[in-house]
Each structure stands twice: as C-alpha cells, then as structure tokens.
Amino acid sequence: MILDTDLTGRTVLVLGAAHAARRALRRYAHAAASVRTLTAPGQVAAADLTGIDLVAAVADGDPGWAPVLDGLRSRFLVVTEPAAAPGGQIILIGGGPGIEDLLTLAARKALREADVVLYDRLGPCENLAELTHGAELVDVGKRPGHHAVPQRDIEALMVDHARAGKTVVRLKGGDPYVFGRGREEVAAAVAAGIPVSVVPGVTSAVSVPAAADIPVTHREVSHLFTVVSGHAPLTEAEHEHLAGLGGTIVVLMGMGTLHQLLAGLRRAGLAPGTPVAVVERGYRLDQATTYSTVGEAASRGTLARCTNPAVVVIGEVVRLGRDCPAGIAAGVEALTGAVA
Ligand code: SAH
C-alpha cells in the first residue's frame with residue numbers, strides 16, 4: 001500500500017523477511033521516514049516499540065505474523081505491504097520519446113517494482129528517483145559515437161543483478177524493439193535462464209513527427225510509412241526501393257548520413273520538391289522543427305545544422321506540419337480538406 005501522506009521524520013516499523021521486505025524498506029526510506037525493521041515474528045515481543053508512528057507488515061507468507069499483528073493493531077496504525085518478487089527478473093521497458101507523460105502504466109508499474117534501473121538518456125530519466133521510489137540507478141547511456149557502457153557489459157550487468165535476486169528494469173528510449181537492441185538483451189536473459197518480459201513503448205518514429213503535428217500517414221496523401229536507420233549509409237538499391245515506394249520515409253539516427261540519404265534519393269528519382277522535416281529533441285522544451293525540400297537540402301545543405309537526437313520525415317505529409325513555411329506547405333489546404 002502506498003500512503004499519500006508526508007512521512008518525513010516519522011518512524012515506520014517494517015515487519016517481514018528481508019528479501020520480501022526490501023521494496024517496502026526502500027520506499028519508506030525514500031519517503032524520508034526513519035525506518036526500523038524486524039524480520040521474524042519472534043522478534044516483536046522483545047523489541048522496543050516506543051516512538052513508532054506506523055507499522056508496515058509485509059505479506060512474506062509466514063503465518064506467525066497474524067497473531068503478532070493482531071496484538072499490534074490495538075496500539076498502532078498497521079498497513080499491509082505486498083512482498084517483493086522472490087527471484088530475480090529482468091523487465092525491458094520502452095520509455096517513449098523522453099517525457100514522463102508518455103510512459104505507459106505498465107512501465108510505471110515496473111519502475112515502482114525495480115531494485116535496479118539501467119537507463120539511457122533518450123528515455124524519461126530526469127525524475128527516475130521518484131518514479132522508482134529510490135531504486136539503484138545506473139546510467140549506461142549510449143550517445144552517437146559514445147558507447148558509455150558496451151552492449152555486452154550492459155547485458156552482463158543486467159544478468160548479474162538479476163542473479164542476485166533483484167528486479168532489474170532496463171529502461172530504453174522509445175520502443176525496445178525499434179533500433180533498440182532490445183531483442184539482444186532478451187536473448188541474454190533467456191541464455192542466463194532469467195525470467196524476462198518486455199513492455200512496449202511509444203516509438204519516436206511516430207511520436208516525434210507528431211510532436212510537430214506531422215502525421216506519418218494521412219488519407220489520400222500517404223498510406224504507408226517506412227522507418228529507416230540512418231546509422232550507416234544506405235546502398236544504392238535501398239535508395240531506389242525507398243524512392244519507389246511513394247509513401248512517408250522516417251529516419252532515426254539519421255543526422256550523420258542525412259546528406260548522403262537525400263542525395264541518394266535524388267539520384268533514385270525522388271522529386272526535388274518532396275518536403276523534408278527534421279524534428280530535433282521532440283517533446284523537450286527546446287524542440288525545434290526545420291523544413292526544407294529534398295532538392296534544396298541536398299544542394300544547399302539547409303538541414304546541415306540540425307543535430308541528434310532528431311527524427312527526419314520525408315514525404316508529402318510534411319506539408320501538414322505545424323508552422324510549415326508557406327512555400328513548402330503549398331497545396332496543404334487541399335490535403336487537410338481531404339479529411340473534412
Ligand atoms: N527505440 C527508439 C529509437 C532508438 S534509436 C524508439 O523507438 O524511439 C535513437 C534515435 O531515436 C535517435 O537518434 C533519434 O533519431 C530518435 N529519437 C528518440 N527520441 C527522440 C526525441 N525525443 N526527439 C528526436 N529524436 C528522438
């Protein structure tokens with residue numbers, strides 16, 4: 001149970017076997033309570049209970065607590081706490097594009113249950129201490145060109161903590177299975193025989209364009225979208241396939257190769273007037289959208305100053321974006337009229 005009450009300086013007695021009680025202990029300590037603990041029913045009779053404001057009884061499965069708690073209820077406010085999960089486990093969470101509002105309820109629940117959180121900076125990480133009620137937080141952040149903690153080491157860290165009986169949350173930006181190496185981490189857990197689950201997240205591929213009011217599909221404008229990684233340059237055949245699809249192209253991790261991509265799409269026949277938008281730092285206070293066209297960006301480098309993290313959108317839907325300059329948005333009335 002989570003009391004919506006200020007426990008600062010209050011004394012809370014947590015009752016329950018150590019492993020089962022660890023989450024409750026951490027939460028009360030995080031709430032700035034002064035925490036005492038007794039791990040077995042037999043310890044209560046001899047304990048000094050003066051100054052106790054609240055008794056938190058963890059349901060650790062020991063039937064010996066029932067008569068002890070009956071005795072305590074006449075003197076103290078007693079609340080019941082669920083036991084922490086017995087064995088170690090790993091939960092991969094998609095954290096969305098970086099703001100807490102776009103965390104799912106399942107992600108919030110897993111964060112509350114976490115003993116350890118391994119996170120990187122694209123997910124919502126500013127308020128993790130609150131969201132987790134004080135779990136151990138480890139920044140394994142990867143930025144382009146900077147592999148702070150190598151992938152294999154992240155996997156080893158996850159497995160080691162879980163083997164120690166902890167609930168390990170691996171918090172990733174967006175969705176774990178969209179350019180997130182999520183399946184490799186699941187495989188590492190499975191190989192180590194550790195229970196693992198995945199909580200999907202709101203991918204930046206769709207949500208960051210939406211932050212600039214750019215829909216990735218729109219009736220009679222685009223009925224397909226392709227999500228591409230710009231981590232490495234595409235091949236000429238890939239440029240041709242993409243240019244031939246006639247839908248929306250969304251590029252993640254694309255700033256380093258954007259010029260090559262646009263030049264390649266031009267060579268493959270994509271019309272130079274095709275609009276492009278780069279949405280930088282979606283949902284952050286300093287979110288910025290830059291509009292151009294494939295021809296202009298390829299020849300004059302109008303998007304050269306944009307930096308990661310950014311999502312690139314190429315296609316007619318860009319004309320629908322918020323504050324799209326009139327020259328690029330031309331004809332947009334007809335597009336929006338199509339849904340009226
Ligand atoms: N799994 C993630 C993508 C990881 S690849 C997802 O589903 O969203 C990292 C890339 O995601 C970045 O280079 C950038 O292209 C994009 N990205 C993630 N969050 C972003 C944000 N808030 N604003 C702009 N781009 C973002």
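We count ligands from 1, going down the list as the structure has it; atoms in each ligand are counted the same way.
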| said: Measuring from atom CG of Asp175 to atom OG of Ser207, what distance do you get when rounded to the nearest 0.5 angstrom? | reply: 10.5 Å
| said: Under 3.5 Å between any N/O of Gly282 and any N/O of ligand 1: does that happen in this structure? | reply: yes
| Got an N/O contact under 3.5 Å between Leu252 and ligand 1? | no
| task | Please determine, by modelled atom types, if Thr248 and Ser222 share a side-chain donor-acceptor pair under 3.5 angstrom. | result | yes
| remark: One finds that the ligand 1 atoms under 4.0 Å from a non-hydrogen atom of Thr203 are 6 (C), 7 (O), 8 (O)
| query | Which of the atoms of ligand 1 are close to Asp175, meaning less than 4.0 Å from one of its heavy atoms? | reply | 1 (N), 6 (C), 7 (O)
| query | So is Arg284 polar-close to ligand 1, meaning N/O to N/O under 3.5 Å? | reply | no
| Heteroatom distance test (Val178, ligand 1): nitrogen or oxygen, under 3.5 angstrom | yes
| request: Nearest 0.5 Å please: distance from the CG atom of Asp60 over to the CG atom of Leu15. | output: 9.5 Å
| query | What are the atoms of ligand 1, with element, lying closer than 4.0 Å to any heavy atom of Arg281? | reply | 23 (N), 24 (C)
| Which ligand 1 atoms are under 4.0 Å away from a heavy-atom of Gly174? | 2 (C), 6 (C), 7 (O), 8 (O)
| query | Will you find, in the side chains of Thr167 and Arg23, an N or O donor that is under 3.5 Å from an N or O acceptor? | reply | yes
| field | Straight-line distance of Asp53 CG to Thr11 OG1, nearest 0.5 Å | value | 5.0 Å
| field | Tyr283 to ligand 1, any heavy atom closer than 4.0 Å | value | no
| query | Going through the distances and angles, do Asp160 and Lys166 end up as a salt bridge (Lys or Arg N to Asp or Glu O under 4.0 Å)? | reply | CA-CA 9 Å; Asp160 288 350; Lys166 294 180 188 167; over 6 Å; no
| request: Pull out every atom of ligand 1 sitting under 4.0 Å from any heavy atom of Pro309, numbered as shown with elements. | output: 24 (C), 25 (N), 26 (C)
| request: Please could you name the atoms of ligand 1 that Asn308 approaches to less than 4.0 Å, counting only its heavy atoms? | output: 13 (O)
| said: Looking only at side-chain N and O atoms, does Glu81 offer a donor or acceptor that is under 3.5 Å from a partner on Tyr28? | reply: yes
| Those atoms of ligand 1 less than 4.0 Å from some heavy atom in Gly173 | 1 (N), 2 (C), 6 (C)
| Test of proximity, Val208 against ligand 1: N or O pairs below 3.5 Å | no
| request: Of the side chain and backbone of Leu122, name the one, both, or neither that has a heavy atom under 4.0 Å from an atom of ligand 1. | output: side chain
| Which distance, rounded to the nearest 0.5 Å, do you find between the CZ of Arg281 and the OG1 of Thr289? | 10.0 Å
| task | Flag Phe179 as yes when one of its N or O atoms lies below 3.5 Å from any N or O atom of ligand 1, and as no otherwise. | result | no
| task | Please round to the nearest 0.5 Å and tell me the distance separating atom CG of Asp139 and atom OH of Tyr119. | result | 4.0 Å
| message | Checking side-chain polar atoms at under 3.5 Å, does Glu238 have a donor or acceptor matched by the opposite partner on His241? | response | no
| said: My understanding is that we take every heavy atom of each candidate and find the minimum distance to atom 8 (O) of ligand 1. Doing that for Gly98, Pro200, Ala310, Ser204, which one comes out nearest? | reply: Ser204
